[in-house]
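Letters go in sequence order (proteins before strands), and every chain restarts at 1. No hydrogens, no waters, no symmetry mates; every other heavy atom, side chains included, goes into these values.
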Amino acid sequence: MRLPRPGANATVGGSVMSDLPADISHDQHAVRRQKLAELRAVGIDPFRANFAPTHFSGDAVKAYVDGQENTVPVAVAGRLVVIRDMGKSQFVKILDQQGQIQLYVKKDVVGDEAYAIFKKLDLGDIVGAKGTLFKTKTGEVTVRVDSYTLVSKALRPLPEKWHGLSDPEQVYRQRYLDVIVNSESRERLLLRSRIVSQVRRFLEDRKFIEVETPVLESTAGGAAARPFVTRHNALGVDFFLRIATELRLKRMLVGGFDRVFEVGRIFRNEGVSRRHNPEFTMLEVYQAYSDYRGMMALIQEMLTSLVRDVIRPADGSLKIKHAASGQDIDFGGTWREVRYKDLIKEATGDAGWFERPKAEKISRAEALGLSINPSWEEFEITNEVFSKKIEPTLIQPTFVTHLPKELCPLAKLNPDDPSVLDVFELTIGGMEVAPAYSEQNDPDTQREMFERQAGEEKQNIDQDFLLALEHGMPPAGGMGVGIDRLCILLTGAESIRDVILFPQLRPGAPAPEAGKS
RNA sequence: GGGUCGAUAGCUCAAUGGUAGAGCAGCGUCCUUUUAAGUCGUUGGUUGAGGGUUCGAAUCCCUCUCGACCCA
């Protein structure tokens with residue numbers, strides 16, 4: 001600790017800091033403000049102090065050399081999360097980006113004054129320590145502290161050390177506390193960063209180029225979803241927040257960016273649930289001169305690499321525990337490929353399903369326990385069967401192919417059976433993880449599809465996209481991967497909120513005013 | 001939007017109509033290799049907000065806020 005020079009206003013020996021007034025001893029915020037004032041009174045400003053760590057905690061532990069006690073110097077910094085005070089020495093633990101490391105602070109090493117101030121530090125304070133590595137008698141690599149610096153004072157107490165923070169509302173609103181005290185949350189959210197990083201590396205290794213396209217769009221296309229609307233004041237127009245990146249990325253295929261991808265935030269003005277957040281992250285990938293079969297190989301390789309290199313199952317397999325079903329999801333081997341129609345026939349037990357009139361489809365769907373809106377089109381009734389009765393049962397990685405043409409207006413029709421599409425929908429763990437298409441690049445067919453979908457609302461058609469297609473888009477495979485859902489799957493999370501740092505919540509009660517208790 | 005459940009000390013939780021408690025944290029002691037450290041003592045509450053019933057409400061009723069789960 002940077003002690004004041006001799007002659008400054010520090011008390012020498014004994015208690016450097018005065019005892020606290022008894023009447024505030026119950027109020028941890030007030031106590032900490034009092035301590036801050038007393039630190040400043042002896043010439044220490046913990047918000048100005050600087051400290052340069054040489055190691056993160058994990059790297060410091062690795063730097064320990066067996067048998068070399070107190071010879072390897074390190075400087076580490078982090079938040080105090082454990083304090084074990086033994087009178088004239090203390091074991092404490094600090095938390096940084098890599099985790100925790102133990103520090104051993106002895107009075108006769110750091111000196112009486114510095115030790116007296118150290119004893120006044122609180123859980124939650126951020127400290128830097130310089131010292132050397134040793135192993136305790138229980139075998140824990142620990143920093144024997146020669147000197148320390150209070151880097152930042154924490155004026156609020158941490159949640160309870162053993163149970164952590166469990167109030168879900170506080171976990172989401174004050175995620176910074178959750179990741180300090182709940183190591184599972186920390187690990188899960190760090191894993192998400194590694195997953196995204198590996199996705200980028202995987203694609204870049206295959207010569208894909210990452211691009212950034214607009215969030216503000218005058219036409220919200222590329223998917224069927226209700227958009228958020230916002231206002232641009234200077235231009236005097238409304239914009240939509242994008243609901244997909246598809247149409248922008250395909251323009252770049254026209255422009256000769258043959259392999260492009262975007263990891264983009266998508267906004268859909270719809271409900272919030274365990275599987276839905278109004279803003280979420282989607283990877284979209286487009287590869288010229290490929291098709292949906294090419295995308296199949298790409299996604300299988302990508303997910304396999306994520307399991308193998310990021311998740312790294314302990315037994316060396318490519319299996320991940322699926323929290324909801326208790327099954328192991330096996331990413332190894334050949335993935336199942338099955339036609340949409342065959343799944344429908346199987347689930348309904350009706351080989352003639354697709355030939356039946358609408359009324360019979362409705363009654364048979366209702367017999368399966370589904371509630372059907374009579375105004376739905378037949379393909380919508382069928383798809384309700386798929387999403388409610390089939391999708392949740394597809395736990396192992398499954399490519400569902402040959403979807404009905406009504407389901408995606410941006411895909412190519414199957415040349416042998418134009419009632420279905422050259423697409424797949426990859427389903428894992430009962431969730432749709434990645435749809436992929438042979439992309440429609442015929443501008444006239446695309447226009448027809450758009451017009452049929454738009455109905456009366458022709459103004460919603462992205463005419464500029466159609467113009468781009470008329471300039472010629474190479475045949476291409478494309479796919480979208482819901483990154484949040486992928487993270488749910490790979491990290492064994494129960495809710496999308498567990499893999500999003502700050503999930504959307506209603507505005508809550510205002511936080512206590514700074515300085516107030 | 002509907003249904004169910006929940007909100008009590010900084011945190012994790014008790015208390016089912018009759019004096020709001022515990023553990024951790026805090027505060028004050030003891031302890032120079034601890035591992036949820038141990039030890040002795042101790043402070044701390046507008047029971048989410050508002051209204052009602054009652055001699056008496058954390059507890060029962062109503063409204064609201066926020067959240068979780070399920071459904072749409």
Could you tell me whether A:K358 atom NZ has more than 12 heavy atoms of other residues or ligands within 6.0 Å of it?
yes

Could you walk me through whether A:R265 and A:E279 pass the salt bridge (Lys or Arg N to Asp or Glu O under 4.0 Å) test, one step at a time?
CA-CA 6 Å; A:R265 191 66 60 85; A:E279 51 179 302; 2.7 Å; yes

Parallel, tilted or perpendicular for A:Y340 and A:F386, by the 30°/60° rule?
tilted

Write down the distance between CD1 (A:I372) and P (B:A72), rounded to a whole number of angstrom.
11 Å

Dump every N/O contact between nucleotides 31-34 of chain B and the protein below 3.5 Å, one line per pair.
residue	atom	partner	partner atom	Å
B:C31	N3	A:D85	O	3.4
B:C31	N3	A:G87	N	3.4
B:C31	N4	A:G87	N	3.2
B:U32	OP2	A:M86	O	3.4
B:U32	OP2	A:K88	N	3.4
B:U32	O4'	A:S89	OG	3.1
B:U32	N3	A:D108	OD2	3.2
B:U32	O4	A:D108	OD2	3.2
B:U33	O2'	A:K137	NZ	3.1
B:U33	O2	A:K137	N	3.1
B:U34	OP1	A:K137	NZ	3.1
B:U34	OP2	A:K137	NZ	2.8
B:U34	O2	A:R84	NH1	2.9
B:U34	O2	A:Q102	OE1	3.2
B:U34	N3	A:Q102	OE1	2.9
B:U34	N3	A:Q102	NE2	3.0
B:U34	O4	A:Q102	NE2	2.8
B:U34	O4	A:T136	OG1	3.0

Heavy atoms under 4.0 Å, any strand shown: does A:V82 hit a base, just sugar-phosphate, or nothing?
sugar-phosphate

Pick base, sugar-phosphate or nothing for A:R32, based on heavy-atom distances below 4.0 Å to the nucleic acid.
nothing

Whole angstroms only, please: what is the CD1-P distance between A:I496 and B:A68?
13 Å

Determine the contact category for A:R144: base if any of its heavy atoms lies under 4.0 Å from a base atom, sugar-phosphate if only primed atoms, P, OP1 or OP2 are that close, otherwise nothing.
nothing

Residue met sooner reading RNA chain B from 5', once A:S371 and A:P168 are mapped to nucleotides:
A:P168

Does A:C408 reach the side chain of A:L421, with side-chain heavy atoms less than 4.5 Å apart?
yes

Go nucleotide by nucleotide along RNA chain B from the 5' end; which of A:S495 and A:L123 gets its closest nucleotide reached first?
A:L123

Main-chain N/O of A:L177 paired with A:Q174 side-chain donor or acceptor, under 3.5 Å:
no

Provide the distance between the two C1' atoms, one in B:A20 and one in B:G45, to the nearest whole Å.
8 Å

Please report the distance separating the P of B:G26 from the corresponding atom of B:G38, rounded so that it comes out in whole Å.
13 Å

Say you pick atom P in B:U53 and the same atom in B:U42; how far apart are they, in whole Å?
42 Å

Separation of atom CZ in A:R173 from atom P in B:U65, rounded to whole Å:
14 Å

How far, in whole Å, is B:U46 from B:G6 if one measures between their P atoms?
23 Å

Could you give the CD-to-C1' distance, from A:E494 to B:C69, as a whole number of Å?
11 Å

Pick base, sugar-phosphate or nothing for A:L505, based on heavy-atom distances below 4.0 Å to the nucleic acid.
sugar-phosphate

Is there side-chain contact between A:R364 and A:T348, with heavy atoms separated by less than 4.5 Å?
no

Are OP1 or OP2 of B:C70 and a side-chain N or O of A:R274 less than 4.0 angstrom apart?
yes

Once you round to the nearest 0.5 Å, how far does CD1 of A:I266 lie from CE of A:M282?
4.5 Å

Protein-nucleotide distance (A:D178, atom CG; B:U12, atom C1'), rounded to Å
15 Å

Could you give the distance separating B:G28 and B:C62 at their P atoms, to the nearest angstrom?
48 Å

Of all heavy-atom pairs linking A:T142 and A:L103, the shortest is CG2-C, 3.9 Å

When rounded to whole Å, the CD to P distance for the pair A:E38 and B:C27 reads 11 Å

Just say parallel, tilted or perpendicular for the rings of A:Y104 and A:F134, cut-offs at 30° and 60°.
tilted

Roughly how many Å apart are B:A9 and B:C64, using the P atom of each and rounding to a whole number?
25 Å

Its dot-bracket string being built from Watson-Crick and G-U pairs below 3.5 Å, with | for another strand and [ ] for crossing, RNA chain B has the pattern (((((((..((((....[..)))).(((.(.......).))).....(((((..]....)))))))))))).

Testing the 3.5 Å rule here: is there a donor-acceptor pair between the side chains of A:Y172 and A:Q504?
no

Could you state the atom-to-atom distance from CG of A:L155 to P of B:G26 in whole Å?
15 Å

Expressed in angstrom and rounded to an integer, what is the separation of A:E384 atom CD from B:C71 atom P?
12 Å

Would you list the protein and nucleotides 1-11 of chain B atom pairs, both N or O, that sit under 3.5 Å from each other?
residue	atom	partner	partner atom	Å
B:C11	O2'	A:E160	N	3.0
B:C11	O2'	A:G164	O	3.0

Take atom P in B:A7 and the same atom in B:U47, then report the distance between them in whole Å.
14 Å

Could you measure the distance from the CG atom of A:L486 to the CG atom of A:L426? Nearest 0.5 Å is fine.
9.5 Å

A:T149 side chain to A:V151 main-chain N or O, any donor-acceptor pair under 3.5 Å?
no

Mind checking the P distance from B:C27 to B:U43? Whole angstroms is fine.
15 Å

Exactly one candidate in A:K361, A:R356, A:K345 meets side-chain hydrogen bond (donor to acceptor under 3.5 Å, both in side chains) with A:D350; the answer is A:R356

